[in-house]
Amino acid sequence: MIGNMNEKINYEQLNGLDLAYYGDAVYEVYIRQHLLAKGITKPAMLQREATKYVSAKSHAALYELIQADDIYTETEKKYFKRGRNANSHTKAKNTDVVTYRISTGFEAVMGYLGASGQTERLEEIISWIYKQVESGRTVNHGTTK
């Protein structure tokens, strides 16, 4: 178990960047666990595979599919917008501003689900994500070649 999971986060009061900060960590743990469980143990391979899930470009490609498949609930859409529209003072690395903002929105939804204790829903979305990446569906949306 990571940290004191009995500590409650007042997610309703967090801004989009705070939710994205938390969501980035929540999501990253799921992805790392998934890759290790698949038997990938070489650092270079782990990094290459992780990028298919955790880069800003992969988040943007996944979000396109989330929209196409109508995955998010109305509440999740609200938290996505809270993250996407947040005024970040940091500059996007290796991507354009639009992609970076979509990625921030994607992470904010992960943060919202994690902080609100909606583990079942979080895992439902993450399982869907595994299937999209592993079926190659994100390749057509610009994440990998």
Side-chain angles (χ1 to χ4, degrees), residues 1-38 40 45-145:
M1 182 182 282
I2 300 170
N4 180 358
M5 299 310 276
N6 292 324
E7 289 182 298
K8 300 291 181 210
I9 297 171
N10 190 350
Y11 65 91
E12 293 170 326
Q13 298 300 312
L14 295 179
N15 67 41
L17 296 177
D18 292 336
L19 286 167
Y21 170 79
Y22 184 64
D24 178 53
V26 169
Y27 182 66
E28 181 86 22
V29 169
Y30 276 97
I31 299 308
R32 288 181 181 207
Q33 181 176 341
H34 178 68
L35 295 176
L36 291 168
K38 286 178 61 173
I40 302 169
M45 181 65 91
L46 283 167
Q47 183 58 40
R48 186 168 46 255
E49 290 300 305
T51 301
K52 294 176 184 176
Y53 295 90
V54 298
S55 69
K57 288 177 184 169
S58 66
H59 292 169
L62 285 163
Y63 181 68
E64 269 188 53
L65 297 174
I66 285 166
Q67 284 186 298
D69 292 1
D70 198 25
I71 299 298
Y72 282 166
T73 65
E74 288 306 312
T75 302
E76 291 160 356
K77 289 174 186 175
K78 180 180 87 175
Y79 280 94
F80 172 83
K81 288 176 183 173
R82 186 185 292 192
R84 183 196 61 200
N85 297 338
N87 191 9
S88 176
H89 297 289
T90 59
K91 202 173 171 200
K93 292 180 283 184
N94 304 317
T95 192
D96 60 274
V97 174
V98 173
T99 302
Y100 183 75
R101 286 179 174 255
I102 290 169
S103 178
T104 303
F106 175 89
E107 291 172 340
V109 173
M110 297 295 157
Y112 155 68
L113 292 171
S116 63
Q118 296 182 62
T119 307
E120 191 174 315
R121 176 65 177 151
L122 177 63
E123 291 178 355
E124 179 183 319
I125 291 174
I126 290 176
S127 291
W128 179 87
I129 287 168
Y130 296 155
K131 288 178 188 140
Q132 306 320 300
V133 173
E134 290 166 14
S135 72
R137 199 165 170 223
T138 55
V139 174
N140 299 329
H141 292 270
T143 62
T144 56
K145 295 183 173 142

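Just so it is clear, the values below take in all heavy atoms, side chains as well, and ignore hydrogens, waters and symmetry mates. Computed from a predicted structure; not experimentally measured.
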Reported CG-to-CE distance for the pair L122 and M110, which is rounded to 0.5 angstrom: 6.0 Å
For a 4.5 angstrom cut-off between non-hydrogen side-chain atoms, does K57 reach T95? yes
All N/O donor-acceptor pairs, side-chain side in residues 11-21, below 3.5 Å, sequence neighbours left out:
unit_1	atom_1	unit_2	atom_2	d
N15	OD1	L17	N	2.9
N15	OD1	D18	N	2.8

Ring pair (Phe, Tyr, Trp, His ring centres under 6.0 Å) evaluation trace for Y79 with Y72: CA-CA 10 Å; Y79 280 94; Y72 282 166; over 10 Å; no
On a heavy-atom basis, the closest approach of T99 and A60 is CG2-CB, 3.8 Å
Using salt bridge (Lys or Arg N to Asp or Glu O under 4.0 Å) as the criterion, list what pairs up with E74, not counting sequence neighbours. K77
Which residues share a ring pair (Phe, Tyr, Trp, His ring centres under 6.0 Å) with F106, sequence neighbours left out: Y27, H59
Nearest 0.5 angstrom please: D69 CG to Q132 CD, how far? 6.0 Å
Kindly indicate whether the side chain of I31, heavy atoms from C-beta on, has any atom under 4.5 Å from the side chain of Y130. yes
Heavy-atom side-chain proximity of Y112 to Y22 below 4.5 angstrom: no
From CA spacing to verdict: side-chain contact (heavy atoms from CB on, under 4.5 Å), Q67, L62: CA-CA 9 Å; Q67 284 186 298; L62 285 163; over 6 Å; no
Provide the full list of salt bridge (Lys or Arg N to Asp or Glu O under 4.0 Å) pairs with a residue in residues 122-136, sequence neighbours left out, each pair given once. K38-E134, R121-E124
Tell me every residue that passes side-chain hydrogen bond (donor to acceptor under 3.5 Å, both in side chains) with Y100, counting only those two or more places apart in sequence or in another chain. T90
Heavy-atom closest pair (S103 atom, A56 atom, distance to 0.1 Å) is OG-CA, 3.6 Å
Pair M45, L35 - check side-chain contact (heavy atoms from CB on, under 4.5 Å), show working. CA-CA 10 Å; M45 181 65 91; L35 295 176; over 6 Å; no
Under a 4.5 Å cut-off applied to non-hydrogen side-chain atoms, are R137 and L65 in contact? yes
Return the minimal non-hydrogen interatomic distance between Y53 and E49, and the atom names on each side. CD1-O, 3.3 Å
Measuring only between side-chain heavy atoms, which start at C-beta, is I126 closer than 4.5 Å to H34? no
Run E76 and L113 through side-chain contact (heavy atoms from CB on, under 4.5 Å) and show every step you take. CA-CA 8 Å; E76 291 160 356; L113 292 171; 3.6 Å; yes
Could you give the distance from CD1 (I129) to CD1 (I66), rounded to the nearest 0.5 Å? 5.5 Å
Would you find more than 12 non-hydrogen atoms of other residues, nucleotides or ligands less than 6.0 Å from N10 atom CG? yes
Qualifying salt bridge (Lys or Arg N to Asp or Glu O under 4.0 Å) pairs, either residue in residues 94-107, two or more places apart: none
Between L46 and I40 the two heavy atoms that sit nearest each other are CD2-O, 3.3 Å
